[in-house]
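Numbered from 1 within each chain, the chains take letters A, B, ... in sequence-line order. Since the model is a prediction, treat every value here as computed from it, not as a measurement. Every heavy atom of this structure was used, including side-chain atoms; hydrogens, water molecules and symmetry mates were not.
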Amino acid sequence: MMSRTPKASDGGPDADLQHVVRRRKLILGLLLLGLIGSVLLALLIGTLGPIGPGNPERISFGDAMGAIFNLPGDRPDYYNVIFWEVRIPRVLLAGLVGAALACAGTAMQAVFRNPMADPFIVGVSSGASLGAVIAGLSGIASVAVIGSFVSPALAFFTALVTVFVVYSLGNVRGKLYVDTLLLSGVAVAAFLGAIVSFLIYFRSQEYHRIIFWLLGSLSLASWTAVGVLAVAVSIGTVVVFLYSRDLNALLLGEETAHNLGSDPETVKTLMLVFAAVMTSAGVAFTGVIGFVGLIVPHMMRIVVGADHRILVPSATLTGAIFLILADALARSVIAPTELPVGIITALCGGPFFLYLLRRSRTGGET
Amino acid sequence: MELDLRGLSFSFGEKQVLRDVSFKVHPGEFLGLMGPNGSGKTTLLRCLMNFLPAGSESISVDGRPLDAFSPAELARTFAVVPQSSATDFSFTAYDIVMMGRIPHVSSRIAGTTKEDASAVRSAMERTDTWKFASRPFYGLSGGERQKVIVARALAQQSKALLLDEPTVYLDINGQFEVMDLIKRLNREEGTTVIAVLHDVNLAARYCSRIALLSHGMLEAIGPPKEVLTPEIIQSVYGVDVVVRRDPFTEAVYVVPHTISSLGHAHGTHAHLLCGGGTGGPIMKALVERGFSVSAGVLNVLDSDYENVQDLHLAVVAEAPFAPISEGAYAENMRFIEDSKVVIVSPFPVGPGNIRNLEAARAALRAGKLVMIVSPAPGKTIDFVGGKADAAVKDLISSGAIPVKDVHELVSKLPMEGTG
């Protein structure tokens with residue numbers, strides 16, 4: 001794609017290829033800086049924050065930094081609570097979920113050899129929705145203390161069961177057929193979606209809660225969620241990254257991957273398992289946040305190319321940045337009311353994605 | 001690399017695709033795998049790659065059974081060039097060739113090593129693809145893409161190349177470019193090549209041996225000129241062909257017979273006076289319409305003589321470059337006497353064969369129907385100082401029927417039983 005073809009190609013392929021290597025390092029460096037920057041920015045944005053509506057009072061920049069970094073200073077105690085019990089876990093959770101979705105989306109697009117695949121393609125979202133709805137309707141979710149654990153646990157469980165069912169449907173005599181898998185995912189999602197609709201149709205008092213969950217939100221962030229996600233995401237992203245060469249080969253077809261010494265069956269299974277675990281863990285705590293897992297890998301492929309050795313880390317970092325910023329926006333646009341973050345990701349991601357798509361198809365080619 | 005197939009069989013469920021195939025491939029060989037669609041060529045290749053499991057004992061490489069190989073070991077043994085490679089994803093040509101290093105990666109954490117980089121570079125330089133290393137793979141032409149894939153196979157540094165109809169989607173220029181490249185690697189670097197090829201002539205030109213499969217069984221194996229005979233091709237492909245020899249490369253090449261029966265074989269005897277290749281289209285038209293055709297007098301090595309041989313027609317032959325002898329003339333006249341119609345092609349006339357025009361005149365005198373195809377008064381290809389032209393005019397004035405071309409000829413020909 002255009003962005004990988006360096007402008008100055010007088011030096012021939014050697015110069016071009018060196019340029020690519022330098023560019024990759026530069027992009028990774030910028031993304032790391034961007035991640036740190038967006039975490040700080042998102043911590044400062046919000047009601048009472050140095051940036052934002054500042055109603056009824058405004059926390060000064062110095063006090064905010066002091067609370068974040070636990071510096072000694074003369075400030076109200078509840079500042080520390082605001083940051084350490086609410087905002088820091090929330091921003092961290094946003095980053096982890098964004099990373100999980102983008103990394104899982106990248107893996108799924110390679111497994112399905114289809115840029116339109118996303119982390120929910122094998123039924124994670126519908127499975128988790130069913131668990132969340134059941135938790136809500138049965139009243140478990142409302143039980144104090146236990147409820148906040150049971151509901152995500154149930155959603156996580158039903159998501160994994162759904163993925164397992166879809167996986168089994170796509171598995172014929174030890175071979176995983178991605179087209180069957182894709183169609184099974186669609187059919188199972190439609191079926192579970194109907195059950196969810198049926199359940200909430202008769203319990204309209206649950207309706208608002210469910211819609212909020214289906215659009216995704218980070219308002220239920222907690223240190224527990226951060227802990228669970230941190231484990232899932234660090235294992236998941238490392239596994240996906242270690243298989244980047246195999247994902248490259250897989251994009252050329254399973255037979256070619258096999259002929260290049262990769263083992264497509266193992267790779268597909270590992271990717272599905274780890275993508276499903278990462279995504280389900282995220283969905284269990286935050287609901288279904290769309291677009292991140294579809295758009296971020298696609299966007300980064302336009303920027304860094306299709307080689308997964310650079311694509312996986314850069315998409316993972318970008319996913320984190322994107323969701324952190326989207327969540328900061330979601331809680332400050334019409335503060336003190338919060339928007340579901342899924343609306344923001346779709347509103348920002350959609351047009352930006354279209355812009356990149358058009359640009360990569362129409363011009364700039366050297 | 002020595003490859004040994006012993007009784008290789010493979011079935012897709014009920015359908016047996018390969019039956020008891022046994023042959024050896026020697027180091028440095030260029031073996032063509034041929035056979036009609038569905039004969040099992042591609043399946044055989046996939047068995048070699050263990051993409052389809054063929055069972056333990058039937059394939060061995062350097063004396064070691066194939067299933068003892070890990071996927072990476074197998075990829076270091078065989079590198080595959082498929083029919084075509086396309087991807088919607090934005091890999092550069094360099095990325096694609098770098099994938100050939102996957103079987104050499106020491107651990108998943110390891111980055112690109114110096115060996116990887118130099119293997120890729122050398123492979124791309126040898127295939128003349130280094131110049132577009134940084135270009136997107138999908139933007140290359142079909143031929144360029146296929147050369148990049150050959151470069152990937154080279155970067156794989158395997159012992160043998162397996163090609164699955166590598167030129168099937170390429171134009172004629174791309175075909176030769178890719179095949180010449182592979183041949184050069186085979187000759188200069190001793191790379192063993194096993195290639196599934198559809199095009200008989202491409203196979204004949206490049207392969208040192210050809211293994212011909214039919215219904216999953218090995219029908220023949222050997223050098224092209226032993227395997228590509230009209231008899232074997234007829235029995236495997238069910239088509240009649242003519243096998244010729246390329247004048248420049250000495251390679252055999254195969255031309256399909258374009259003769260098809262257009263009418264019942266009524267066997268009306270037509271005798272053709274021809275030469276220099278002018279008789280070919282007339283022979284074809286007559287044979288297709290069920291005539292029994294003979295020709296004469298033709299010098300051995302004349303292209304019409306070859307046409308007659310290819311069609312298995314009766315012929316009065318004279319020694320190469322010799323003028324028509326008394327004996328040949330007399331035999332020619334006997335054919336004319338037996339025939340219902342005598343046809344004169346617009347053959348070039350020289351001192352050696354002018355007696356064929358005399359034979360036509362004699363046929364008229366004997367009351368035979370004589371037809372002359374596209375006579376051109378004053379323009380007869382005449383190496384006898386106008387005598388030929390005069391003879392043709394004389395034939396027409398003595399009752400020979402001129403027809404402007406083969407179409408008019410066949411429309412005016414009498415057939416036994418119809419008049």
Of Leu197(B), Leu31(B), Leu202(B), which is the lone residue that meets side chain to side chain contact (heavy atoms under 4.5 Å, CB included) with Cys207(B)?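 Answer to the side chain to side chain contact (heavy atoms under 4.5 Å, CB included) test with Cys207(B) among Leu197(B), Leu31(B), Leu202(B): Leu197(B).
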
Between Leu44(B), Thr43(B), Thr42(B), which is the residue that forms a side chain to side chain contact (heavy atoms under 4.5 Å, CB included) with Val17(B)?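 Only one of Leu44(B), Thr43(B), Thr42(B) forms a side chain to side chain contact (heavy atoms under 4.5 Å, CB included) with Val17(B), namely Thr43(B).
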
Heavy-atom cut-off 4.5 Å, strictly under: side chain, backbone, both or neither for [X] against chain A?
X: Thr112(B); answer: both
X: Ser107(B); answer: backbone
X: Ile96(B); answer: side chain
X: Tyr94(B); answer: side chain
X: Arg152(B); answer: side chain

Between [X] and [Y], a side-chain donor and acceptor under 3.5 Å:
X: Asp180(B); Y: Tyr206(B); value: yes
X: Asn248(A); Y: Asp95(B); value: no
X: Asn37(B); Y: His198(B); value: yes
X: Ser314(A); Y: Arg24(A); value: no

For Lys175(A), does the NZ atom have more than 12 heavy-atom neighbours from other residues, nucleotides or ligands under 6.0 Å away?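 It does: Lys175(A) NZ has more than 12 such atoms within range.
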
Tell me if the CD1 atom of Ile109(B) is crowded by more than 12 foreign heavy atoms within 6.0 Å.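 Incorrect, the count does not exceed 12.
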
Give, as side chain, backbone, both or neither, the part of Tyr243(A) having an atom under 4.5 angstrom from any heavy atom of chain B.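 Contact with chain B is through both the backbone and side chain of Tyr243(A).
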
For Thr256(A), which atoms come within 4.5 Å of any heavy atom of chain B: side chain, backbone, both, or neither?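 Side chain only.
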
Can you name the residues of residues 177-187 of chain A that have some heavy atom under 4.5 Å away from a heavy atom in chain B?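 Contacts with chain B: none.
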
Output, in order, the C-alpha distance, side-chain angles, deciding distance and verdict of salt bridge (charged side-chain N to carboxylate O under 4.0 Å, His left out) for Asp164(B) and Lys41(B). CA-CA 9 Å; Asp164(B) 187 7; Lys41(B) 310 176 294 281; over 6 Å; no

Anything in residues 98-106 of chain B with a heavy-atom distance to chain A below 4.5 Å? Please list those residues in order.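 The residues closer than 4.5 Å to chain A, in numerical order, are Met98(B), Met99(B), Gly100(B), Ile102(B), Pro103(B), Val105(B).
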
Run through Lys159(B), Arg126(B), Arg184(B), Lys183(B) and flag the one making a salt bridge (Lys or Arg N to Asp or Glu O under 4.0 Å) with Glu189(B).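 Single salt bridge (Lys or Arg N to Asp or Glu O under 4.0 Å) partner of Glu189(B) among Lys159(B), Arg126(B), Arg184(B), Lys183(B): Arg126(B).
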
Audit row: Phe91(B), Leu251(A), side-chain contact (heavy atoms from CB on, under 4.5 Å) steps and yes/no: CA-CA 10 Å; Phe91(B) 290 111; Leu251(A) 283 183; 3.5 Å; yes

Chain A: which of Arg121(B), Glu73(B), Met124(B) shares the most heavy-atom pairs with it under 4.5 Å?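 With the most close heavy-atom pairs to chain A, the winner is Arg121(B).
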
If you draw the axis of the six-membered ring of Phe69(B), does the NZ or CZ of Arg64(B) fall within 45° of it and under 6.0 Å from the ring centre?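 Checked: cation-pi criterion met.
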
Establish, yes or no, whether the cationic atom of Arg209(B) lies under 6.0 Å from the six-membered ring centre of Phe30(B) and within 45° of the ring axis.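 So Arg209(B) doesn't make the cation-pi contact.
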
